[in-house]
Amino acid sequence: MTTGSPDPYRARHTGATRAARRRRGPLALLPVAVAALALLEIWLLTLLGRAAGGLTVFLVLAAGVVVGALVIRHAGRRAWHRLAAQAKGEPEPQGASPAGGGVLTMLGGLLLMIPGLISDALGLLCLFPPTARLMRRGVARSVERRTWPVGPAFRQATDEARRRQGRRPDDRVVPGEVVRDDDPPSGDDNN
């Protein structure tokens with residue numbers, strides 16, 4: 001006896017499921033990319049070990065962990081002080097890092113702590129001020145272009161940070177009220 005409903009155990013490949021598989025795109029390759037990066041890191045550490053010795057490799061890895069931990073600790077302390085100052089209603093200090101600076105510093109420290117030469121180089125790029133500024137601008141542009149909900153919130157937060165620093169944000173909308181001359185006057189003036 002049949003009910004006329006399709007068999008739930010039979011796989012159906014409709015156009016929608018095929019399209020959903022195609023949309024995964026770069027995320028489907030993420031495990032392969034991570035594995036390739038790990039193999040490349042191991043190969044580079046092996047080359048360094050052959051050229052300079054095992055003790056040098058150990059010292060490079062240990063120094064990366066120690067420096068990364070110190071960077072994360074310093075960035076966390078600075079973020080905590082900034083949060084405490086905002087909670088008290090105090091103005092931000094003049095030497096404060098721009099919006100997103102703490103996140104890049106934390107990411108740089110984390111990348112330094114991950115064993116490997118490529119991750120150390122990327123971590124140092126996150127910490128070096130000119131390259132960090134370029135990364136911050138690139139990420140800000142890509143977030144602003146997105147249509148997902150974070151884009152407008154990010155734009156509003158960066159505009160507020162610019163106002164606090166005394167700079168004029170690049171607003172496209174000027175808040176205000178439009179007053180036209182051709183509007184009829186209010187009822188009090190006609191009498």
Side-chain angles (χ1 to χ4, degrees), residues 25-27 29-49 51-87 90-146 148-167 169-170:
L27 289 179
L29 296 176
L30 187 64
V32 175
V34 169
L37 181 65
L39 288 174
L40 184 61
E41 293 276 17
I42 291 170
W43 179 69
L44 287 174
L45 288 173
T46 305
L47 287 179
L48 179 66
L55 182 63
T56 305
V57 172
F58 175 74
L59 290 176
V60 165
L61 294 177
V65 170
V66 170
V67 170
L70 290 174
V71 166
I72 288 176
R73 181 178 170 195
H74 178 70
R77 184 178 294 141
R78 201 170 50 202
W80 182 257
H81 287 302
R82 194 176 318 138
L83 180 67
Q86 284 179 354
E90 297 173 359
E92 239 178 83
Q94 286 296 91
S97 63
V103 173
L104 269 179
T105 306
M106 291 275 207
L107 179 65
L110 180 67
L111 286 170
L112 282 173
M113 289 181 72
I114 295 174
L117 299 176
I118 296 173
S119 62
D120 288 350
L122 290 174
L124 290 174
L125 285 176
C126 288
L127 295 175
F128 189 57
T131 55
R133 195 174 317 119
L134 287 174
M135 287 180 186
R136 213 175 301 117
R137 285 182 190 157
V139 168
R141 271 190 300 243
S142 67
V143 168
E144 282 181 0
R145 273 188 252 137
R146 302 284 183 206
W148 39 295
V150 175
F154 180 78
R155 192 176 307 115
Q156 183 180 5
T158 54
D159 287 349
E160 184 62 33
R162 287 179 183 148
R163 280 189 192 98
R164 270 192 253 125
Q165 291 176 354
R167 295 185 316 194
D170 298 333

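Positions are given from 1, in the same order as the sequence printed here. These numbers were taken from a predicted model, which means no experiment stands behind them.
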Quick one: are [X] and [Y] in side-chain contact, heavy atoms under 4.5 Å?
{"X": "Leu44", "Y": "Leu48", "answer": "no"}
{"X": "Pro115", "Y": "Glu41", "answer": "no"}
{"X": "Ile42", "Y": "Leu45", "answer": "no"}

What distance do [X] atom [atom1] and [Y] atom [atom2] have between them, rounded to the nearest 0.5 Å?
{"X": "Leu125", "Y": "Met135", "atom1": "CG", "atom2": "CE", "result": "5.0 Å"}
{"X": "Met106", "Y": "Arg73", "atom1": "CE", "atom2": "CZ", "result": "12.5 Å"}
{"X": "Leu107", "Y": "Cys126", "atom1": "CG", "atom2": "SG", "result": "4.5 Å"}
{"X": "Arg133", "Y": "Phe128", "atom1": "CZ", "atom2": "CZ", "result": "9.5 Å"}
{"X": "Ile114", "Y": "Leu61", "atom1": "CD1", "atom2": "CG", "result": "12.0 Å"}
{"X": "Leu112", "Y": "Leu122", "atom1": "CG", "atom2": "CG", "result": "10.0 Å"}

Closest contact, heavy atoms only, Thr105 versus Ala75: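 Thr105 and Ala75 have their closest heavy atoms at CG2-CB, 3.6 Å.
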
Candidate pair Leu111 and Asp120, rule side chain to side chain contact (heavy atoms under 4.5 Å, CB included), full reasoning: CA-CA 6 Å; Leu111 286 170; Asp120 288 350; over 6 Å; no

Stepwise, does the side chain to side chain contact (heavy atoms under 4.5 Å, CB included) test hold for Val57 with Val60? CA-CA 5 Å; Val57 172; Val60 165; 5.8 Å; no

State which residues pass side-chain contact (heavy atoms from CB on, under 4.5 Å) with Leu110; sequence neighbours excluded, sorted by chain then number.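 side-chain contact (heavy atoms from CB on, under 4.5 Å) check on Leu110 returns Ile72.
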
